[in-house]
Structure formats: structure tokens, C-alpha cells
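Below is one structure, written out as C-alpha cells; comments come after it.
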Amino acid sequence: MTENHNSPAGLLLSMQILYEKLKELEIPVSLLPTDEEPCLSGIQFYTGQQDLSHTFLYLADCKTLASHPFLLHHGFLAVVGQPAKENIHDSCCCLIFPETMPVTEIFNALQQIFVSYSHLERKLNDILNRDGSLYDITVAALEHFHNPVFIHDEYFHILACPRHFEGALNFTYNEQTKRYMQDLNTINFFRTSPAYKKTLSTSGGQFWDSDFNNDRCIYVNLWMNGNYRGRFIISEMETPVTQGQLYVASYFAEIIKLALLRRNDAGEDERHPLEKLIIDTISGTETDRLDMSRKLELLGWKEADQYLCGIISFESTDVTKLSVYSICNEIEERIEACQACYYKGHIYLLVNTGKSQITPQDLRMKMSYIIREGLLRMGVSFPFRGFSTLSIHLKQAQIALSYSQMEQVPHWYNEFQDYVLKYWLLEGTGDFTKESIAPDTLHQLRHYDREHGTELYETLKTYLMNERNSTLTAQLLKINRSTLPHRLNRITQLTGANLDDFMTRLYLMMGCYILDYI
């Protein structure tokens, strides 16, 4: 389903909004019963006319109602004095004012509220029509709600915040993305909060009462084409947030979504340049070499720098976008000159080790906490020079990840160097089985051992694997040192293998490895 790029429907008011605004003006009023449906576009006097609409609030006094009962089903009425029940329909919602209050004063107050929201609607649409920014929208929100407001995306990057309120908004600056973001402690609280996770599936304006501090706010999730793209937030600090503000917050969110959609249509890619390069590499999209160099230069990186990449998978099935993006943020916070991005079920990590001066051992230590806490498994490539070879080294990381999963190894951080020989031998055999590619010498010795109850195969393997150290080989086999030469002579006689030839020894060792460990 494609999003509608047109402006949202008019900013209609509800009886709840009118009631709250009248209270702000210190006008004595009661609302019976409460009604939050936003459907009112203006106010009219009620004089007994028959042509009534559910889009208007009608103002009347008790005398008029006594002679002309207001019988509109689910109608909206502002009454001076307490009306008799028989003069209004049971389903009618009423704002009731003191009978001593002049009708003209009530009309002017209500009309003032309608006009102020009409001006707000016009202001927001003017921002859209002149391709204004998200910052312009949040300035209008700040002026309306009189509380801190901001927008963050799904990565918790701050897209717009017109004013910082001391003690209310904890943001940190991400050197890698060159953006402000919510601080890591807050994100980690969210990540472990069941109450917060429930908020990620809501639509429209909602209240949030924090389960880890005293914060209270209104939030609206930004859903675009069915995908969560972030959140518009009004923090309760200077004035209380109210029920009537939920709908107005939703209207602001619709304006924000339109601004984001139009920005995307104009070709403004919101992804970080490095993230786009990584995703293009993963997806096999060809990248122009000059464009790649230009994007790297923006970060102060070079194509020829030394890099290291990794791929992270989730061992837990309880994976939410919150956990994914908070992990990405935490990685970038802990590791200098690093980009972490989520794509199709995995987190991809690229570190400029030349710029950050981080070693593979340092990376293991820095990632260990994140991996353990998040129940993650990570595959890591060889260090490499040249960004243009990223696709090759991402494959190395993928091999380390997939092999560790297949073997169900207990450790979560897995380097390609631990699996490269196994991969080389297993994948390099092509259509051959490991038995058909192993040296015939080894098959002869295995057969002879089975027939005669000897241990010539194990003797040869131990001898070669210990670099022909006779003393160590005899100790490991638990035989007398003088017995070993006799066994080696017997092996040579049976197979004709020249154990002094390097290539022969290499082939035999690889054969032992593929037969016993692959």
C-alpha cells in the first residue's frame, strides 16, 4: 500500500479539546458526558433551526431550549445554565456554563478556540507547501504544546528538536553519524522494558508513563507503508499533557510523515552514506568507484585504509526493532570509527581499524559484553586493506557465522581464521567426496590397521602433526622411542610415501584433517 502524500483532513476539534482550552482560559465549565471524537469545525447559535449538523457546536440558553428542544442524536451543545433533560436528546454531549455568564462572552471564547486551531492548521499546511523542514514543524509544536517536543527515527537519531530543556532531554552526539541521538542508558532501559516494547505497536496519540523514572509524555509512532519509522514525542515538563492533546499530537504526526515522504520523493536518502555503501555491497548493487571514494572522504576515511567487518545474528527469537537499533547504537558508541546497520535479519558491522587503532583482540573485548547481553552470535572477517574488497570479507564473516552455528560452538564471537581451513577443504573439494580426494596412502594404512590390529595411520598422523618430533610423537602414542622408527619404516614399505618431501607431507596432513575433522 502506497502512502497518501496529500495533506491530512482538517484539524477538527472535540468537546474534550474545547473543555480543556476553556479551563485554560479560567472559564467555569463542565462537560457531560465526556466526548473525544474530533468532528467539530465551528460554532453556531441555536435558535430552533431544523437544519442541524454534527460538525457544529451549537450555543443556546435554557429559555431557547425550553421552547425549541435540541433533539439532534449525538449532537454537540454549549448551554448557558443547566438544561432540563426533556429539552435535549439523551445522546447529546454538552458544555455547561453558569447561567450568570453572558452568551456573547461564551461565544467569543469558543470562537477564539476554533480560530486558533484554524491558524495552527494553516501554519502546518504552509510549512508543507513551501517544503519546510521537520524543525519548522517542531517549532510549531513547541509553540502549541508549551512542552519539549522532538522527533526521533527508528535508530533513535534525533531528526528535529527546536529547544533543549535542561534535565528533560538526554541526547548524545554520535561522531560516526554526525547526529544527536537519545543517550545509551535510556535506550538500554527501553530495550529491557516490557511496557516500552508494547508501545511499539500502537497507533495515534498515546500517553507514556515511564517505568524507570518519573517522565511522562505523549507519543505518536510514525508508521509509513506499514513500517515503524520513529516517533513524535511531547514531554511533560512545563505544562501537564492532557487527553485532548492526543488527537492534536496525531495530527502533527501526520504532517511529519508527509514531510518525510516528500523528502524521500525528492531523492534525499535518509541513510548514512556509509550505511548505504554497506547495504549496496550486501545486496550486490554496483557502486561507482568515485562515488564510493567521495562518501568515504566525507567521513575522513580512505579506500585504502585497513578495515575489519562482521555479521551478527540473533540467537533469541524475541527480536524487536528496538533491540536491533539499540544494539547498533551501542556498538557505535563503544567502538570508534565504526558503522553498524541492520539489513534483512542481521546486523552488519564495519570498523576502520586504521583510523580507530583498534586491533582484532580489542574488538573481541569490546564486543563481548554486547554479544553476551543480547544473546548474539558474531562472525568476523580477516583484517583487510581496501574498501572495494568489502564484499569478499563480508563473505568471510558470513562463513565464520554459519560454520559456528552449524557446529553449535558455545562461544559467540567467531573469527574466519578459526574456520578458513575447514571451509577451504570442504568447499574446495568440488564434486569429490572427502574419501575420494584424500591420499591413497591413508586409505592403505587404515585398511592395514583394520586387518592386522596395528596403529600405523595414527602413528603417521601424530608424527606429521607434531612436525616429525620423534620424542613428542612417542610420548603421545605411549610407545617406546625405539619403536617409532620401526613403524615409520613399515609405513614407507607399505605405501612408498617419501616423508622427506614437503609436498607429500602437506598432502598427507591435509588428508588426515579432511578425514578426521571435516
Side-chain angles (χ1 to χ4, degrees), residues 10-49 52-121 141-147 205 207 209 216-218 234 236-251:
L11 180 52
L12 303 175
L13 302 191
S14 68
M15 294 291 274
Q16 181 67 30
I17 292 173
L18 292 170
Y19 171 74
E20 291 173 6
K21 286 298 178 181
L22 290 166
K23 285 293 189 181
E24 284 182 23
L25 296 171
E26 299 184 347
I27 294 174
V29 64
S30 57
L31 175 62
L32 295 172
T34 58
D35 193 297
E36 298 172 20
E37 181 187 3
C39 60
L40 299 173
S41 60
I43 181 171
Q44 290 185 2
F45 281 105
Y46 177 67
T47 58
Q49 67 267 40
L52 301 175
S53 170
H54 291 96
T55 64
F56 283 103
L57 172 66
Y58 292 94
L59 175 60
D61 57 24
C62 291
K63 183 179 178 181
T64 301
L65 292 174
S67 56
H68 302 286
F70 188 79
L71 300 179
L72 179 65
H73 289 241
H74 303 290
F76 302 99
L77 193 62
V79 187
V80 184
Q82 185 65 47
K85 290 184 179 180
E86 63 270 18
N87 293 333
I88 60 174
H89 195 278
D90 290 342
S91 63
C92 186
C93 181
C94 296
L95 288 167
I96 301 175
F97 297 86
E99 61 183 9
T100 56
M101 190 171 181
V103 173
T104 52
E105 184 181 341
I106 296 171
F107 180 87
N108 288 339
L110 289 167
Q111 181 66 5
Q112 177 186 337
I113 296 169
F114 278 104
V115 169
S116 67
Y117 278 90
S118 177
H119 286 164
L120 175 61
E121 178 186 351
L142 176 62
E143 292 171 352
H144 178 78
F145 293 107
H146 306 293
N147 270 318
F207 288 116
D209 291 289
R216 190 167 191 260
C217 71
I218 287 175
I234 306 158
E236 184 180 74
M237 184 176 179
E238 297 202 335
T239 61
V241 292
T242 65
Q243 190 73 29
Q245 290 177 346
L246 295 178
Y247 164 70
V248 185
S250 297
Y251 187 86

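Glu121 approaches Gly10 most closely through the heavy-atom pair OE2-CA, 3.3 Å. The minimum heavy-atom distance between Ile88 and Pro83, with the atom names listed, is CD1-CG, 4.2 Å. Nearest heavy-atom pair across Ala78 and Leu110 is CB-CD1, 4.1 Å.
Put simply, the side chain of Tyr19 never gets that close to the backbone of Ser14: no donor and acceptor are under 3.5 Å apart. When atom types are taken as modelled, the side chain of His54 and the backbone of His73 share a donor-acceptor pair closer than 3.5 angstrom. Using modelled atom types, one side-chain atom of Ser41 and one backbone atom of Thr55 make a donor-acceptor pair closer than 3.5 Å. Checking side-chain atoms of Asn147 against main-chain N and O of Met237 turns up a donor-acceptor pair under 3.5 Å. With hydrogens and angles disregarded, a donor-acceptor distance shorter than 3.5 Å links the side chain of Tyr247 to the backbone of Leu12. Gln245 places a side-chain N or O within 3.5 Å of a backbone atom of Thr242 that can act as its donor or acceptor partner. Judged purely by atom type and a 3.5 angstrom limit, Ser250 uses its side chain to pair as donor or acceptor with the backbone of Gly205. For the pair Asp61 (side chain) and Val80 (backbone), a donor-acceptor distance under 3.5 Å is absent.
Summarising the geometry, atom OG1 belonging to Thr34 is positioned 8.5 Å from atom CD belonging to Gln243; distances are rounded to the nearest 0.5 Å. Atom CD of Gln111 sits about 11.0 Å away from atom CG of Leu59, to the nearest 0.5 Å. In this structure, the separation between CD1 on Ile113 and CG on Leu13 is 8.0 Å, given to the nearest 0.5 Å. Summarising the geometry, atom CD1 belonging to Ile234 is positioned 12.0 Å from atom CZ belonging to Arg216; distances are rounded to the nearest 0.5 Å. With values rounded to the nearest 0.5 angstrom, Tyr117 atom OH is found 11.5 Å from Gln112 atom CD. Here the CD atom belonging to Glu236 is positioned 8.0 Å from the CG atom belonging to Asp209, to the nearest 0.5 angstrom.
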If you apply the rule side-chain contact (heavy atoms from CB on, under 4.5 Å), what do you find for Ile218 with Phe145, and how did you get there?
CA-CA 11 Å; Ile218 287 175; Phe145 293 107; 5.8 Å; no
Using the side-chain contact (heavy atoms from CB on, under 4.5 Å) rule, take Gln82 and Ile96 through it: C-alpha gap first, then chi angles, then the decisive distance, then the call.
CA-CA 7 Å; Gln82 185 65 47; Ile96 301 175; 3.8 Å; yes
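By the 4.5 Å heavy-atom criterion applied to side chains, Thr64 and Phe45 are not counted as neighbours. Side-chain contact between Phe97 and Leu22: present, with at least one pair of heavy atoms (C-beta onward) separated by less than 4.5 Å. Counting only heavy atoms from C-beta outward, the side chains of Cys62 and Val79 approach each other to under 4.5 Å. With contacts defined as side-chain heavy-atom distances shorter than 4.5 Å, the pair Leu57/Leu95 qualifies. Contact of the His89 side chain with the Leu72 side chain is not registered, since no non-hydrogen atoms from C-beta on lie closer than 4.5 Å.
Residue pairs that meet the salt bridge (charged side-chain N to carboxylate O under 4.0 Å, His left out) test with at least one member in residues 15-37, sequence neighbours left out, are Lys21-Glu24.
In this structure, the ring pair (Phe, Tyr, Trp, His ring centres under 6.0 Å) partners of Tyr46, at least two apart in sequence or on a different chain, are Phe70.
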